Amino acid sequence: YVFHEEAAPKGYVVVTDITFTVNTDGTVTVKDANGNKVVAANNQLTVTDETEYVNPTGTLRTTVKADSTVANATKAAEVTAEKAATGVEVTDTLTYEGLVPEKVYSVTGELYEVKDGQVVGTAKATATKEFTVSKEGKGEWQLAFGQVTGLEAGKTYVVYETATSKDNLVDTNKDNTPEEKHVVEHKNPGDKAQTVVVTPEVPKEKDIVISKVNLGGEEIAGAKIQINQGNKEVASWTSEAGKNHELSLLPGDYVFPPP
């Protein structure tokens, strides 16, 4: 005879065909279990259904911290251009749910420049660390990038995170045996919570010395001088004998004297 199961109860795997014999004395003998869990005892045939393997799903959310500034859902973490020039301490907090309890995952974070909603070039910094999932399958991890250098003024950067299980946890061919790693990603270039912005560099004034002299190179008095930038006057004075004039100007183009 052949034991054939058309459909298994919900949450269980369908049993493949089992061949068995009913002997003349009424006892039962299994001829081919076909990989199933089958026990024949006297006149009883017991078939055990395997629980159906359910693939994990899982989600990641991240919050980046740049030095002492923490990003959130509405505002990126900001650092000054001056600070970026010396290096920024970057740490990412990952909030996870739906991972396989008590399994080890390798987490890799990558910091990319982002422009017009797309990542640009290769990662500016990378960090990898192994973490163990909590018994509940949810919790938080912190991934430290350390001191990140090379971030440029006026540019925006985003953290991408990938968590990959060390063990095979995903059953792709429905044979109830996991044969692939469980991979969960959070890669959203528009997510402010995982974004670092380096503010534009603030120009600094430079000390300038201007002299009004005669052909002999002597400072002369009485010259009314005006310095313009575009149509705007930024400085004016009257020259004095034997004395030059000092002022501070931002980098840029100026007119002396104005037309």
Side-chain angles (χ1 to χ4, degrees), residues 55-100 103-133 137-170 172 178-204 251:
N55 285 329
T57 51
T59 59
L60 288 179
R61 291 184 294 108
T62 68
T63 303
V64 67
K65 180 180 179 182
D67 283 340
S68 59
T69 305
V70 180
N72 58 49
T74 60
K75 185 175 176 59
E78 291 187 355
V79 294
T80 64
E82 184 179 39
K83 181 57 184 172
T86 60
V88 179
E89 193 75 24
V90 176
T91 303
D92 205 24
T93 298
L94 298 92
T95 302
Y96 66 89
E97 290 186 18
L99 302 189
V100 182
K103 290 295 184 179
V104 176
Y105 283 71
S106 177
V107 177
T108 296
E110 298 170 297
L111 183 66
Y112 288 96
E113 179 188 346
V114 62
K115 183 178 181 181
D116 298 328
Q118 300 291 330
V119 296
V120 179
T122 57
K124 301 296 182 182
T126 302
T128 299
K129 186 177 179 180
E130 289 187 355
F131 297 95
T132 301
V133 179
K138 61 182 180 180
E140 284 188 355
W141 296 323
Q142 284 199 337
L143 185 65
F145 286 79
Q147 197 82 356
V148 178
T149 58
L151 303 185
E152 299 178 49
K155 292 189 175 183
T156 300
Y157 300 87
V158 65
V159 179
Y160 277 7
E161 296 285 4
T162 303
T164 305
S165 64
K166 298 295 288 183
D167 296 333
N168 290 337
L169 300 176
V170 178
T172 58
E179 62 278 320
E180 288 191 6
K181 310 295 186 187
H182 183 212
V183 180
V184 183
E185 298 179 331
H186 184 52
K187 297 181 177 181
N188 180 0
D191 186 356
K192 292 187 182 298
Q194 61 181 134
T195 300
V196 177
V197 173
V198 181
T199 57
E201 190 171 4
V202 178
K204 294 181 179 180

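Keep in mind that this is a model prediction, so the values were computed, not measured. Count residues from 1 along the sequence.
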If I compare all heavy atoms of [X] with all of [Y], which pair ends up nearest, and what's the gap?
X      : Y      : value
Ala77  : Ala66  : CB-CB, 4.1 Å
Tyr96  : Leu60  : CB-CD2, 3.7 Å
Thr149 : Gly87  : CG2-CA, 4.0 Å
Glu78  : Thr199 : OE1-CG2, 3.9 Å
Ala76  : Thr195 : CB-O, 3.4 Å
Pro200 : Ala81  : C-CB, 4.3 Å

- [ ] Would you indicate whether Lys83, at its atom NZ, is surrounded by more than 12 heavy atoms from other residues, nucleotides or ligands within a distance under 6.0 Å?
- [x] yes
Looking at side-chain heavy atoms only, is the closest gap between [X] and [Y] below 4.5 Å?
X      : Y      : result
Tyr160 : Val119 : yes
Val120 : Val114 : no
Lys166 : Glu130 : yes
Leu99  : Val184 : yes
Val148 : Leu111 : yes

Open item on the list: Between Lys65 and Val90, is the side chain to side chain contact (heavy atoms under 4.5 Å, CB included) condition met? List the steps.
Closed with: CA-CA 6 Å; Lys65 180 180 179 182; Val90 176; over 6 Å; no
Open item on the list: Hydrogens and angles aside, do Ser106 and Thr164 bring a side-chain donor and acceptor to less than 3.5 Å of each other?
Closed with: no
Task: Asp67-Thr69 side chain donor-acceptor pair, cut-off 3.5 Å - done: no
Distance from [X] atom [atom1] to [Y] atom [atom2], nearest 0.5 Å?
X      : Y      : atom1 : atom2 : answer
Lys129 : Thr108 : NZ    : OG1   : 13.0 Å
Phe131 : Tyr105 : CZ    : OH    : 14.0 Å
Leu143 : Thr128 : CG    : OG1   : 7.0 Å
Thr59  : Leu94  : OG1   : CG    : 11.0 Å
Thr63  : Lys192 : OG1   : NZ    : 14.0 Å
Glu97  : Thr57  : CD    : OG1   : 9.5 Å

Open item on the list: Closer than 3.5 angstrom, by distance alone: can the side chain of Glu110 be matched with the main-chain N or O of Ala123 as a donor-acceptor pair?
Closed with: no
Open item on the list: Evaluate Thr93 against Glu140 for side chain to side chain contact (heavy atoms under 4.5 Å, CB included), listing each step before the verdict.
Closed with: CA-CA 7 Å; Thr93 298; Glu140 284 188 355; 3.8 Å; yes
TODO: Apply side chain to side chain contact (heavy atoms under 4.5 Å, CB included) to Val196 and Thr156, showing your working.
DONE: CA-CA 6 Å; Val196 177; Thr156 300; over 6 Å; no
Task: Stepwise side chain to side chain contact (heavy atoms under 4.5 Å, CB included) check, Tyr157 with Lys124 - done: CA-CA 9 Å; Tyr157 300 87; Lys124 301 296 182 182; 3.9 Å; yes
Task: Step-by-step side-chain hydrogen bond (donor to acceptor under 3.5 Å, both in side chains) determination, His182 to Asn168 - done: CA-CA 7 Å; His182 183 212; Asn168 290 337; over 6 Å; no
Open item on the list: For Thr172, give me all partners under side-chain contact (heavy atoms from CB on, under 4.5 Å), at least two apart in sequence or on another chain.
Closed with: Val170, Glu179, Glu180
Open item on the list: Let's go through Ser165 and Asp167 carefully: what are the C-alpha distance in whole Å and the side-chain angles of both, what is the deciding distance for side-chain hydrogen bond (donor to acceptor under 3.5 Å, both in side chains) to 0.1 Å, and is it a yes or a no?
Closed with: CA-CA 5 Å; Ser165 64; Asp167 296 333; over 6 Å; no
